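One structure is given below, encoded as structure tokens.
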Amino acid sequence: MRTVLVIGANRGIGLELIRTFARNGWRTIGSVRPQTMLENDPSVEELKATKSQIIEIDYTREDTIVAAAETLSGTDLDVLVNCAGIKPRPLEWDAHYQADLMERFLVMPVGYFLASKHFIRLLSEGNGGKIINISSDSASIGIADHDGESVGYRMAKTAVNAQTKTLAIDFKREGRPVITMAIDPGFIKTRLTAFRGTVDIKESSNGMYKLIEGLTPEMSGSFYSWNGEVLPW
């Protein structure tokens with residue numbers, strides 16, 4: 001049985017991905033922040049209902065990532081999905097301050113990188129694996145309908161894309177059997193989007209699953225939409 005770890009799995013896109021992988025016969029492992037566990041957040045019960053193994057990870061605390069990797073020592077991971085994120089708002093460029101900009105970078109590009117670094121051994125020890133970074137079309141500088149706003153979110157997600165491409169090149173040079181992809185899940189109604197959106201979450205999750213299943217070494221370091229469209233950097 002193949003195994004997937006989804007970081008940020010107790011709600012929204014992460015939870016739906018867990019359900020999608022489970023329906024397709026995968027062993028699923030989902031992470032929840034330690035604080036969320038302590039607060040007995042109802043979303044944890046939704047994750048428990050999927051019969052997934054639950055571990056605790058806070059992207060802003062490297063020690064929790066290290067501890068989680070140690071907990072899963074001996075597990076052959078096939079896919080790591082870096083999913084947890086921070087909402088796009090504020091929209092106005094001048095409403096951003098150092099604290100919220102740094103938080104976005106700490107959670108997304110830095111958190112994704114640290115998870116990839118500490119779980120790489122579990123991906124490499126089997127037959128190789130895949131690192132999937134949940135990105136956004138907001139990260140694209142060259143996309144035709146770029147309409148500005150959410151500059152902090154855009155910068156952080158663009159850094160995620162740069163990481164995805166760079167690690168693909170580094171892994172190939174090292175002969176490491178791990179491939180990467182950044183995926184835009186679409187504009188989905190979740191808590192992060194204030195429940196606004198135009199894409200059905202189940203349709204998006206199924207599309208992302210299909211992409212992940214079809215990801216080959218030749219595609220490593222690429223940026224795709226959930227619907228299979230290649231996106232410009």
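The structure presented is a predicted model; accordingly, all values stated were derived computationally and were not measured.
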Just say parallel, tilted or perpendicular for the rings of Tyr209 and Phe21, cut-offs at 30° and 60°.
perpendicular

In terms of hydrophobic clusters joined by side-chain contacts under 4.5 Å, are Val230 and Leu211 together?
yes

Step-by-step side chain to side chain contact (heavy atoms under 4.5 Å, CB included) determination, Arg19 to Leu15:
CA-CA 6 Å; Arg19 290 168 173 160; Leu15 180 59; 3.5 Å; yes

Are the side chains of Glu46 and Arg11 in contact, using a 4.5 Å heavy-atom criterion?
no

Would you say the side chain of Leu47 lies within less than 4.5 Å of the side chain of Ser52, judging by non-hydrogen atoms?
yes

Determine yes or no for a side-chain-to-main-chain donor-acceptor pair under 3.5 angstrom, with Tyr59 supplying the side chain and Ile65 the backbone.
no

So, the side chain of Lys130 versus the backbone of Val81: is there a donor-acceptor pair under 3.5 Å, distance only?
no

Apply side chain to side chain contact (heavy atoms under 4.5 Å, CB included) to residues Ile55 and Gln53 and explain how you reach the verdict.
CA-CA 7 Å; Ile55 58 174; Gln53 179 180 349; 4.2 Å; yes

Which value, rounded to the nearest 0.5 Å, describes the distance between Phe113 atom CZ and Glu62 atom CD?
9.0 Å

Could you check whether any side-chain N or O of Ser140 sits under 3.5 Å from a backbone N or O of Pro232, counting only pairs where one atom can act as donor and the other as acceptor?
yes

Please determine if Arg61 and Glu56 form a salt bridge, counting it only when a charged side-chain N lies under 4.0 Å from a carboxylate O.
no

Should Leu101 and Ile141 be counted in the same cluster of Ile, Leu, Val, Met, Phe, Trp and Tyr side chains packed under 4.5 Å apart?
no

Would you say Thr3's side chain and Leu77's backbone share a donor-acceptor pair under 3.5 angstrom?
no

To the nearest 0.5 Å, what is the distance between CE (Met37) and CG (Asn10)?
9.5 Å

Approximate separation, where rounding is to 0.5 Å, of Phe119 CZ and Ile29 CD1
8.5 Å

Are the side chain of Asp100 and the backbone N or O of Tyr97 linked by a donor-acceptor pair below 3.5 Å?
yes

Quick one: are Phe223 and Thr164 in side-chain contact, heavy atoms under 4.5 Å?
no

Any link between Val66 and Leu114 through a network of hydrophobic side chains (Ile, Leu, Val, Met, Phe, Trp, Tyr) touching at under 4.5 Å?
no

Heavy-atom nearest pair, Ala9 first then Gly30, reads CB-CA, 3.6 Å

Note, Tyr224 side chain near Leu215 side chain (heavy atom, < 4.5 Å):
no

Does Ile131 reach the side chain of Ile120, with side-chain heavy atoms less than 4.5 Å apart?
yes

Of all heavy-atom pairs between Ser43 and Thr36, which one has the smallest distance, and what is that distance?
OG-CG2, 4.3 Å

Any Met155 side-chain heavy atom under 4.5 Å of Val151 side chain:
yes

Minimum heavy-atom distance between Leu122 and Gly74, given as atom pair plus value:
CD2-N, 4.1 Å

Derivation of the side chain to side chain contact (heavy atoms under 4.5 Å, CB included) call for Val79 and Trp26:
CA-CA 10 Å; Val79 174; Trp26 288 59; 3.7 Å; yes

Should the heavy atoms of other residues, nucleotides or ligands under 6.0 Å from CD of Glu174 be counted, would the total exceed 12?
yes

Does Gln163 reach the side chain of Ser116, with side-chain heavy atoms less than 4.5 Å apart?
yes

Indicate yes or no for a side-chain donor-acceptor contact from Ser205 to the backbone of Thr20 under 3.5 Å, with no hydrogens or angles considered.
no

Between Ser135 (side chain) and Ile183 (backbone), is there a donor-acceptor pair under 3.5 Å?
no

Minimum heavy-atom separation for Gly85 and Val107, please, with both atom names.
CA-CG1, 4.2 Å

Any ion pair linking Lys210 and Glu213 (charged N to carboxylate O, less than 4.0 Å)?
no

Once rounded to the nearest 0.5 Å, what's the spacing between atom CE of Met1 and atom OG1 of Thr28?
9.0 Å

I need the Leu72 CG to Leu80 CG distance, nearest 0.5 Å.
10.5 Å

Checking Ser220 side chain against Thr180 main chain: does a donor-acceptor pair fall under 3.5 Å?
yes

Ignoring hydrogens, what is the shortest heavy-atom contact between His96 and Gly152? Give both atom names and the distance.
NE2-N, 3.3 Å

4.5 Å side-chain heavy-atom contact, Pro109 and Val160
yes

Indicate yes or no for a side-chain donor-acceptor contact from Arg154 to the backbone of Ser138 under 3.5 Å, with no hydrogens or angles considered.
yes

Under the side chain to side chain contact (heavy atoms under 4.5 Å, CB included) criterion, do Asn206 and Arg23 qualify, and how do the steps go?
CA-CA 10 Å; Asn206 287 331; Arg23 280 197 305 271; 3.4 Å; yes

Between Asp58 and Thr60 the two heavy atoms that sit nearest each other are OD1-OG1, 2.7 Å

Once rounded to the nearest 0.5 Å, what's the spacing between atom CG of Asp184 and atom CG of Asp137?
4.5 Å

